[in-house]
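Every chain is numbered from 1, with letters handed out A, B, ... down the list of sequences.
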2 protein chains.
Amino acid sequence: MLGKPYNCKVATTMDMIVGKWKIAILLNLLHNGTMRFNELQKMMPGVTQKMLTSHLRELEQEGVIKRVTYPQVPPKVEYSMTEYGKTLQTVLEMMHEWGASHLAKKQQQ
Amino acid sequence: MLGKPYNCKVATTMDMIVGKWKIAILLNLLHNGTMRFNELQKMMPGVTQKMLTSHLRELEQEGVIKRVTYPQVPPKVEYSMTEYGKTLQTVLEMMHEWGASHLAKKQQQ
DNA sequence: CAGGATCCGATTGGATACTG
DNA sequence: CAGTATCCAATCGGATCCTG
């Protein structure tokens with residue numbers, strides 16, 4: 001977790017989404033609704049079980065995603081955004097647009 | 001609507017603002033306009049010269065801040081947002097608001 | 001299937017000393 | 001004043017093996 005050297009709420013949002021695969025997780029869940037661990041992993045080529053697990057745990061702990069386990073063999077675990085977590089979508093959309101325009105600008109040069 | 005999760009520009013924006021002191025730099029420049037290296041350092045207690053320098057270089061290279069040196073002794077260097085860099089403000093404001101509401105929510109519990 | 005545990009390399013950031 | 005350069009500690013993420 002990053003330290004917070006300054007007293008601003010931007011850092012709070014940063015902490016939520018910083019991590020190599022966190023944005024991918026959030027975008028996948030926002031786009032696809034409920035997904036199993038397995039499905040998430042397939043949508044994110046290169047992610048390891050360890051990283052996927054730890055990122056999911058952190059997002060769950062912050063209340064933005066929901067984890068539901070079905071007591072069966074083999075196990076089934078489903079992840080989805082909480083209603084609260086869905087409020088992140090606006091932020092991510094704005095970041096998406098800025099990123100797109102930034103890439104467009106670099107293309108020009 | 002968001003783009004496809006596997007081809008998404010959110011990461012581009014992330015790359016721009018990830019770094020322990022980058023948000024602090026951007027917020028200070030957006031708020032205060034032109035600032036000298038020295039002034040920035042005073043506004044960010046704990047930052048080292050090394051980190052401040054390297055973050056400033058990266059932001060400059062991406063075209064969001066402008067660096068002006070005055071050839072005099074002792075040296076004088078001024079930093080400010082470029083017009084382009086100022087477009088980041090909307091994104092940062094949205095992140096600020098989400099962060100504030102997130103902290104408020106955690107307070108309730 | 002969905003992880004936990006462990007080890008390790010890579011990256012990030014801090015401390016300190018020096019300089020035009 | 002505004003940096004460089006070097007070394008070092010902490011954190012992050014990847015690889016691998018194991019399990020109910």
Side-chain angles (χ1 to χ4, degrees), chain A residues 1-6 8 10-12 14-29 32-62 65-81, chain B residues 10-12 14-26 28-29 32-62 65-81:
Chain A
M1 192 74 87
L2 291 171
K4 291 177 197 167
Y6 34 95
C8 183
V10 181
T12 304
M14 282 298 287
D15 288 346
M16 187 71 62
I17 60 182
V18 161
K20 185 162 179 181
W21 308 92
K22 275 190 189 169
I23 302 248
I25 292 173
L26 294 172
L27 293 177
N28 269 291
L29 291 180
N32 299 324
T34 299
M35 296 180 77
R36 297 181 62 165
F37 185 88
N38 204 349
E39 295 174 312
L40 274 169
Q41 199 170 11
K42 278 175 190 156
M43 294 297 289
M44 300 161 56
V47 72
T48 61
Q49 289 177 328
K50 175 192 164 188
M51 288 314 297
L52 186 51
T53 301
S54 74
H55 280 165
L56 287 168
R57 290 289 175 283
E58 290 173 22
L59 292 170
E60 184 194 3
Q61 191 150 8
E62 294 294 342
I65 71 172
K66 187 170 41 185
R67 178 175 181 265
V68 179
T69 66
Y70 297 87
Q72 61 189 40
V73 179
K76 176 180 171 184
V77 181
E78 285 182 343
Y79 294 93
S80 59
M81 300 299 286
Chain B
V10 182
T12 303
M14 282 297 288
D15 288 346
M16 186 70 63
I17 60 181
V18 162
K20 186 162 179 181
W21 308 91
K22 275 191 191 170
I23 302 244
I25 292 172
L26 295 172
N28 269 291
L29 291 180
N32 299 323
T34 299
M35 295 179 77
R36 297 181 62 166
F37 185 90
N38 204 349
E39 294 175 314
L40 274 168
Q41 199 171 10
K42 278 176 189 154
M43 293 298 286
M44 300 160 58
V47 73
T48 61
Q49 289 177 328
K50 174 191 165 187
M51 289 312 298
L52 186 50
T53 301
S54 75
H55 280 165
L56 287 169
R57 290 290 176 282
E58 289 173 24
L59 292 170
E60 184 193 3
Q61 190 150 11
E62 294 294 342
I65 71 174
K66 186 170 41 184
R67 178 175 180 265
V68 179
T69 64
Y70 296 87
Q72 61 188 41
V73 179
K76 175 178 171 183
V77 181
E78 285 182 343
Y79 293 93
S80 59
M81 301 298 287

Qualifying residues under salt bridge (charged side-chain N to carboxylate O under 4.0 Å, His left out), relative to B:Lys76, sequence neighbours excluded: B:Glu78
What pairs of nitrogen or oxygen atoms, one from the protein and one from nucleotides 3-6 of chain C, lie under 3.5 Å apart?
unit_1	atom_1	unit_2	atom_2	d
C:dG3	OP1	A:Arg57	NH2	2.7
C:dG3	OP1	A:Arg67	NH2	2.7
C:dG3	OP2	A:Tyr79	OH	2.5
C:dG3	N7	A:Gln49	OE1	3.0
C:dG3	N7	A:Gln49	NE2	3.3
C:dG3	O6	A:Gln49	OE1	3.0

Interatomic distance, B:Lys76 NZ vs D:dG3 P [rounded to whole Å]: 14 Å
A:Asn38 side chain, from C-beta outward: closest of D:dC1, C:dG14, C:dA2: C:dA2
Phosphate contact (C:dA2 OP1 or OP2) by A:Arg36 side-chain N/O below 4.0 Å: yes
Nucleotide C:dA2, atom P - distance to OH of A:Tyr70 in whole Å: 12 Å
Check against side chain to side chain contact (heavy atoms under 4.5 Å, CB included), A:Arg67 and A:Thr69: CA-CA 7 Å; A:Arg67 178 175 181 265; A:Thr69 66; 3.6 Å; yes
Stepwise side chain to side chain contact (heavy atoms under 4.5 Å, CB included) test for B:Trp21 and B:Leu52: CA-CA 7 Å; B:Trp21 308 91; B:Leu52 186 50; 5.9 Å; no
Sugar-phosphate, base or nothing in reach of B:Gly46, heavy atoms under 4.0 Å: nothing
Interatomic distance where CD belongs to B:Gln41 and C1' belongs to C:dA15 [whole Å]: 14 Å
B:Ile23 CD1 to C:dG13 P, straight-line distance once rounded to whole Å: 12 Å
Gap between atoms CD and P, on A:Glu39 and C:dC1 respectively (whole Å): 11 Å
OP1 or OP2 of D:dG14 under 4.0 Å from side-chain N/O of A:Trp21: yes
Note, B:Val68 side chain near B:Thr34 side chain (heavy atom, < 4.5 Å): no
CE (B:Met14) with more than 12 external heavy atoms under 6.0 Å: yes
Separation of C:dG13 C1' from B:Ile25 CD1 (nearest whole Å): 13 Å
Nucleotide D:dG14, atom C1' - distance to CG of A:Leu52 in whole Å: 14 Å
Within 6.0 angstrom of B:Gln61 CD, more than 12 heavy atoms from elsewhere: no
Stepwise side chain to side chain contact (heavy atoms under 4.5 Å, CB included) test for A:Asn32 and A:Met43: CA-CA 11 Å; A:Asn32 299 324; A:Met43 294 297 289; 4.3 Å; yes
5'-most by nearest nucleotide on DNA chain D - A:Pro74 or A:Met51: A:Met51
Spacing between A:Leu40 atom CG and C:dA2 atom C1', to the nearest angstrom: 12 Å
